[in-house]
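See below for the structure under consideration.
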Amino acid sequence: MKISSVGAVSLLLISRIFTLMIYTADKGFTSVSFLLGICLSTVIQGILSLILILLVKKSSADDFYSLISENRFLMIVLSLFYGAFFILSGGTVLKNFTSFANGLFFENVSAFVIAIPIISVAVYGAFSGIKSLSRSASVIFCIFLFMFLITSVLSAEKISPAVFNETTLSLSSVVKYTVYDISASPEFVMLPFFCLYSKNIRKDYFSFLSLRLVILTTSSFLMASVLKDFVNYTDFPFFTLSGAVGGFIKSDALYLVIWTLSASVKLSLILHFVNIFTERIPLKKHLKFILSGIIITLISLTGTVTGNNGNSQIISAVFILLMGGIIPIIFFSKEVFSLDKKTYYDNNNNLSSDRM
């Protein structure tokens, strides 16, 4: 089932926007390093994406799952590998959701009480299908874009030129933020399988990367220039920024609505990809969604998901680059450039070969 370009780009953007909203700066935050880290991360993802998409175009397989399905053992191993990744990613999203809600709004409410409604909505969204999710994501992104533009305009008069005077730029800090940005981008792992739904994966994915770069760099610049040193002492600087600029509407409250909707869509998208790798399990689709939702909830509530420290970010970044780029590129390269082509005899009984 193909979805529109607007829906495809919005789905991927909503996934990254949720992570932006729950970002917490470390005590040594430097805006220039952060900006350069985001740019370098985007370049790395862009190069790997371009190589992968070009190989997919030359391949007989439309997406990575179709390719690995040709080998039963390989399909089982990689399905477990990728399925576990998305399950853990869902647990991280739900944990971040409950932590944010507990920290700012519902301090005395159990995380279980907060998790159940959002995972229930996510299960329903996943069962509704990728097309319904893409429409919902398009609406949510339009609301976010409207609020984002308002926040940017209202922030203009509060911008301080001091942000340009940073002299603490170092290679290690740029690498650190590059690793962070990659670790916060599980949508990159969706790319090898997203070819199945996108009408033009090259245009859609690079539109996503471009808009993602604009939103992230603009946000980090505004947070650093408006909040200044306070960005190191607030738990969620993006929300603090939206509240600090004020305006004719309660922008931070509307951002809260966007954040909640983004979390449900992101979880629904993750559940949808989990279903891809469990489609051969002899259970009805809605039961598999419910079971995946229960596992994600248990992972988020039992502390199985690791924290957001430097080591976990490095591990996460490595897995994301491997699963979203390197592993699919290896398999597609083997399929495209393999000498073991389909052979056949022509009408004159001459042995010939053809690309499958």
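The shown structure was predicted, so the numbers you read here are calculated from the model rather than taken from an experiment.
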- Task: Measure the CD1-CG distance between Ile119 and Leu271 for me, rounded to the nearest 0.5 Å.
- Result: 5.5 Å

- Message: Within the 4.5 Å heavy-atom criterion, are Ser220 and Ile38 side-chain neighbours or not?
- Response: yes

- Item | In one Ile/Leu/Val/Met/Phe/Trp/Tyr side-chain cluster, 4.5 Å: Leu261, Phe146 | yes

- Query: Are Phe188 and Tyr205 close enough that some pair of their side-chain heavy atoms sits under 4.5 Å apart?
  - Reply: yes

- Message: With heavy-atom distances below 4.5 Å as the criterion, would you say the side chains of Leu55 and Ser333 are in contact?
- Response: yes

- Message: Using 0.5 Å steps for rounding, measure from the CZ atom of Phe208 to the CD1 atom of Ile201.
- Response: 10.5 Å

- Message: Are Ser219 and Phe148 packed together at the side-chain level, in the sense that at least one heavy-atom pair is separated by less than 4.5 angstrom?
- Response: yes

- To the nearest 0.5 Å, tell me how far Ile14 CD1 sits from Ser134 OG. 12.0 Å

- Query: CZ/Phe97 to OG/Ser264 distance, rounded to the nearest 0.5 angstrom?
  - Reply: 8.0 Å

- Message: Hydrophobic clustering (ILVMFWY, side-chain heavy atoms < 4.5 Å, transitive) - are Val56 and Ile326 grouped together?
- Response: yes

- Closest heavy-atom contact between Ser89 and Pro186? OG-CB, 4.2 Å

- Message: For Val113 versus Pro117, what's the shortest heavy-atom pair and its separation?
- Response: O-CD, 2.9 Å

- At their closest point, which heavy atom of Pro328 faces which heavy atom of Pro192, and how far apart are they? CG-CG, 3.6 Å

- Message: What verdict does the side-chain contact (heavy atoms from CB on, under 4.5 Å) test give for Phe85 and Ile320, after you've listed the backbone C-alpha separation in whole Å, the side-chain angles of each residue and the deciding distance to 0.1 Å?
- Response: CA-CA 9 Å; Phe85 172 83; Ile320 285 173; 3.8 Å; yes

- Is the closest side-chain donor-acceptor distance between Ser316 and Ser183 under 3.5 Å? no

- Looking at side-chain heavy atoms only, is the closest gap between Arg16 and Leu216 below 4.5 Å? yes

- Query: Do Asn275 and Ser292 pass the side-chain contact (heavy atoms from CB on, under 4.5 Å) test, and can you show the C-alpha distance, the side-chain angles, and the key distance before you say yes or no?
  - Reply: CA-CA 8 Å; Asn275 182 66; Ser292 299; over 6 Å; no

- Item | salt bridge (Lys or Arg N to Asp or Glu O under 4.0 Å) against Asp204, all qualifying residues, sequence neighbours excluded | none

- Quick one: CD1 on Ile140 to CG on Leu13, what's the gap to the nearest 0.5 Å? 12.0 Å

- Anything under 30° is parallel, anything over 60° is perpendicular, the rest tilted; go ahead and classify Phe34 against Tyr177. perpendicular

- Query: Below 6.0 angstrom between ring centroids: does that apply to His272 and Tyr197?
  - Reply: yes

- Can you check whether Leu88's main-chain N or O pairs, donor with acceptor, with Thr92's side chain at less than 3.5 Å? yes

- Note on the structure: For Ser41, the side chain to side chain donor-acceptor pair (under 3.5 Å) test, sequence neighbours excluded, returns Gln45, Asp181

- Message: List the residues meeting side chain to side chain donor-acceptor pair (under 3.5 Å) with Thr217, not counting sequence neighbours, and say none if there are none.
- Response: none

- Heavy-atom side-chain contact between Ile114 and Ile118 under 4.5 Å: no

- Query: Does Val121 belong to the same Ile/Leu/Val/Met/Phe/Trp/Tyr cluster as Ile130, with side-chain heavy atoms less than 4.5 Å apart forming each link?
  - Reply: no

- Item | Chi angles and distances behind the side-chain contact (heavy atoms from CB on, under 4.5 Å) call for Tyr82, Phe193 | CA-CA 11 Å; Tyr82 280 88; Phe193 311 97; 3.8 Å; yes

- Task: Write down the atom of Ser49, the atom of Leu209, and the distance for their closest heavy-atom approach.
- Result: OG-CD1, 4.5 Å

- Message: Is there a path of hydrophobic side-chain contacts, each under 4.5 Å between heavy atoms, that joins Leu48 and Met323?
- Response: yes

- Query: Under 4.5 Å between any side-chain heavy atoms of Arg212 and Ser185, yes or no?
  - Reply: yes

- Starting at NZ of Lys57, measure out to CG of Leu54 and round the result to the nearest 0.5 Å. 9.5 Å

- Query: Which atoms form the tightest heavy-atom contact between Phe332 and Leu52, and what is the distance?
  - Reply: CD1-CD1, 3.7 Å

- Message: Would you say that more than 12 heavy atoms from the other residues, nucleotides or ligands in this model lie under 6.0 Å from the CZ of Phe319, or not?
- Response: no

- Heavy-atom side-chain contact between Ile182 and Thr178 under 4.5 Å: yes

- Message: Using every non-hydrogen atom in the two residues, find where Thr19 and Ala184 come nearest and quote the distance to one decimal.
- Response: CG2-CB, 3.5 Å

- Query: Could you walk me through whether Met190 and Leu269 pass the side-chain contact (heavy atoms from CB on, under 4.5 Å) check?
  - Reply: CA-CA 10 Å; Met190 299 176 186; Leu269 188 60; 3.5 Å; yes

